[in-house]
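Reading through the structure tokens given below for one structure.
Order of listing sets the numbers, starting from 1, for every ligand and every atom in it. Because only heavy atoms are used, hydrogens play no part in the values below, and waters and symmetry mates are left out as well, while side chains stay in.
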Amino acid sequence: MKKRMLAVLLASVTACSLGGCAGKKKDTVQTVKIGLTLYDQYDTFISELVSWFNASASALEEETGTAINVEVVDAAGSQTTQNEQVKSLIEKGCDVICVNLVDRTEPTTITDMAEKNDVPIIFFNRELVAEDLERWEKLYYVGADAFGSGIIEGELAAETFQSDPKYDKNGDGICQYVVLEGEAGHQDAIVRTEYSVNTLVEKGVKAEKLGYAIANWKRAQAQTKMTTLLEEYGERIELILANNDDMALGAIDALKVSELPKDEWPIIVGIDGTDVGLGAIKNGEMAGTAYNDKEGQAEAMLKLAFVLSEKDPDSGLTLEDIPLQDEKYVRMPYYRVTLDNVEEYVEWSKKKPDGVGTTENTEITE
Ligand code: BGC
């Protein structure tokens, strides 16, 4: 799967080279300036996505001969800070700004500034409502199909529960579960919780919700919340549905310090396929995950930014190379990862060009 995604990027670039536009020989070197503002640079999934974005920017720069300058800033959870960062990125001359909104209901200040200065905005990962994206023609969204992740998670949970009677620890024919949820109001948290549980039931598992906790995507918060859930429900918990891998790992941290022997742990499923998440599948702690295609999202965002900058019209890259829906949305699918295929994903992450471009092209500012 990932090989296919990389092939897309390289193929489009090669097509350009074959068309005679190999950028290295350009007389005047253009610079595409792209700004990225993150809701929280310590979010595991976001930091892996940005790493891939930088690596892809270096590859595209190399192939087209057009300099790509990426500046990454961290809004550290403040929408006010993020608004100021966008203002400053516009003043610094960014051609395009990629915004990982802190508050997905508050895009107006950014949108207004962008429109006034005619700087296209690509929102990513934290989806604003459709009406807000319609407010100006140069607003885009890159993310994933949240429904797909919930469905895969529910399927993985059902398959594991049905695979061995030992998972029905009290033998009552019902799967007692808890949910660890991401931020309240985040599109992925809402949709993943609903679709994972619905799918579990559709797959023929009788299910009973014991409890839930909001852990805001964070491992440490999930550990604390899971410790409380364990105190309350103990070994009655047969399944933990986590809205992301980091929270699944927090649950594992809590289980490790609990009295519960490993062979009596509940089934744990996550979403993302982060490096640590894949590690937990490999060592049998997590039953599976829905792979959140950070490489596909990062590459689509980069190509879109490159085209929108209009700095290199001869590169061969056009809007047609980007899988846009309704001319504004890129939504990548999710993929199933279990012990059976985890090695493919681990192998791939080892190969990824870690850190390429991070020193030359990127500044991280708090
Ligand atoms: C990811 C989470 C991440 C969140 C941040 C979600 O799509 O699955 O891991 O924390 O985005 O917005």
Side-chain angles (χ1 to χ4, degrees), residues 36-53 72 74-79 82 98-107 122-129 141-154 156 179-196 213-223 225 241-252 268-281 286 288-298 300-301 329-337 345 349:
L36 258 79
T37 159
L38 314 179
Y39 93 102
D40 174 6
Q41 69 171 335
Y42 298 108
D43 180 290
T44 310
F45 174 75
I46 295 298
S47 65
E48 290 186 6
L49 186 151
V50 171
S51 204
W52 195 268
F53 186 91
V72 183
D74 179 24
S78 159
Q79 190 56 59
Q82 187 164 63
C98 302
V99 179
N100 182 215
L101 271 173
V102 174
D103 180 347
R104 57 188 279 262
T105 65
E106 290 292 338
I122 306 172
F123 293 101
F124 68 102
N125 170 260
R126 299 163 70 88
E127 187 170 350
L128 52 173
V129 293
Y141 177 74
V142 174
D145 162 33
F147 302 95
S149 57
I151 292 170
I152 290 177
E153 186 172 40
L156 293 171
V179 186
L180 288 173
E181 295 187 2
E183 279 165 276
H186 189 301
Q187 82 282 348
D188 287 341
I190 300 164
V191 171
R192 287 172 183 177
T193 300
E194 185 183 338
Y195 278 75
S196 58
I214 294 175
N216 296 310
W217 307 119
K218 304 225 176 346
R219 182 169 180 162
Q221 287 189 30
Q223 178 176 1
K225 298 283 168 79
L241 291 168
N243 279 176
N244 77 345
D245 285 357
D246 259 14
M247 294 189 294
L249 288 152
I252 292 169
I268 304 156
V269 275
I271 293 175
D272 275 344
T274 55
D275 293 347
V276 262
L278 295 179
I281 295 176
M286 240 166 84
T289 195
Y291 193 84
N292 195 354
D293 184 357
K294 56 185 176 295
E295 293 87 357
Q297 292 164 49
M301 190 157 83
Y329 290 89
V330 176
R331 285 187 210 281
M332 292 294 173
Y334 287 84
Y335 303 89
R336 294 164 54 101
V337 187
Y345 287 81
S349 56

Note the single closest protein heavy atom to atom 6 (C) of ligand 1, along with its residue, its atom name and the distance in Å. D188 OD2, 3.4 Å

Can you check whether D245 reaches V276 side chain to side chain, under 4.5 Å on heavy atoms? no

With heavy atoms and a 4.0 Å threshold, my read on which part of M247 contacts ligand 1 is neither

Parallel, tilted or perpendicular: rings of F147 and Y195 (30°, 60°): perpendicular

Using the side-chain contact (heavy atoms from CB on, under 4.5 Å) definition, which of the options Q79, E183, R104 pairs with Y39? E183

Should D272 be counted as touching ligand 1, given the test is an N or O pair under 3.5 Å? yes

Taking only heavy atoms of N244 into account, list the atoms of ligand 1 that are under 4.0 Å away from them. 2 (C), 9 (O), 10 (O)

Report, in ascending order of atom number, the atoms of ligand 1 lying under 4.0 Å from any heavy atom of H186. 4 (C), 5 (C), 11 (O), 12 (O)

Which one holds for T44 and ligand 1: side chain close, backbone close, both close, or neither close, with close meaning a heavy atom under 4.0 Å? neither

When distances are taken from atom 10 (O) of ligand 1, the protein heavy atom at minimum range is D43 OD2, 2.5 Å

What's the spacing between N292 CG and M332 CE if we round to 0.5 Å? 11.0 Å

Does F45 offer a backbone N or O that forms a donor-acceptor pair with the side chain of D272 under 3.5 Å? no

R192 near ligand 1, heavy-atom distance under 4.0 Å? yes

Tell me which protein heavy atom sits closest to atom 12 (O) of ligand 1, plus the residue, atom name and distance to 0.1 Å. N125 OD1, 2.6 Å

Shortest non-hydrogen separation from L249 to A280 and the atoms involved: CD2-CB, 3.8 Å

Just which atoms of ligand 1 are under 4.0 Å from any heavy atom in Y39? 5 (C), 10 (O), 12 (O)

Between W217 and H186, what is the ring plane arrangement, given parallel below 30°, perpendicular above 60°, and tilted in between? perpendicular

Taking both backbone and side-chain atoms of N243, is any N or O found less than 3.5 Å from an N or O belonging to ligand 1? no

Kindly indicate, with the supporting measurements, whether the criterion side-chain hydrogen bond (donor to acceptor under 3.5 Å, both in side chains) is fulfilled by T274 and E48. CA-CA 8 Å; T274 55; E48 290 186 6; 4.8 Å; no

Report, in ascending order of atom number, the atoms of ligand 1 lying under 4.0 Å from any heavy atom of R126. 5 (C), 12 (O)

What do you reckon, does E183 have a nitrogen or oxygen under 3.5 Å from a nitrogen or oxygen of ligand 1? no

Tell me if a side-chain donor or acceptor on T289 pairs with a main-chain N or O of V337 at a distance below 3.5 Å. no

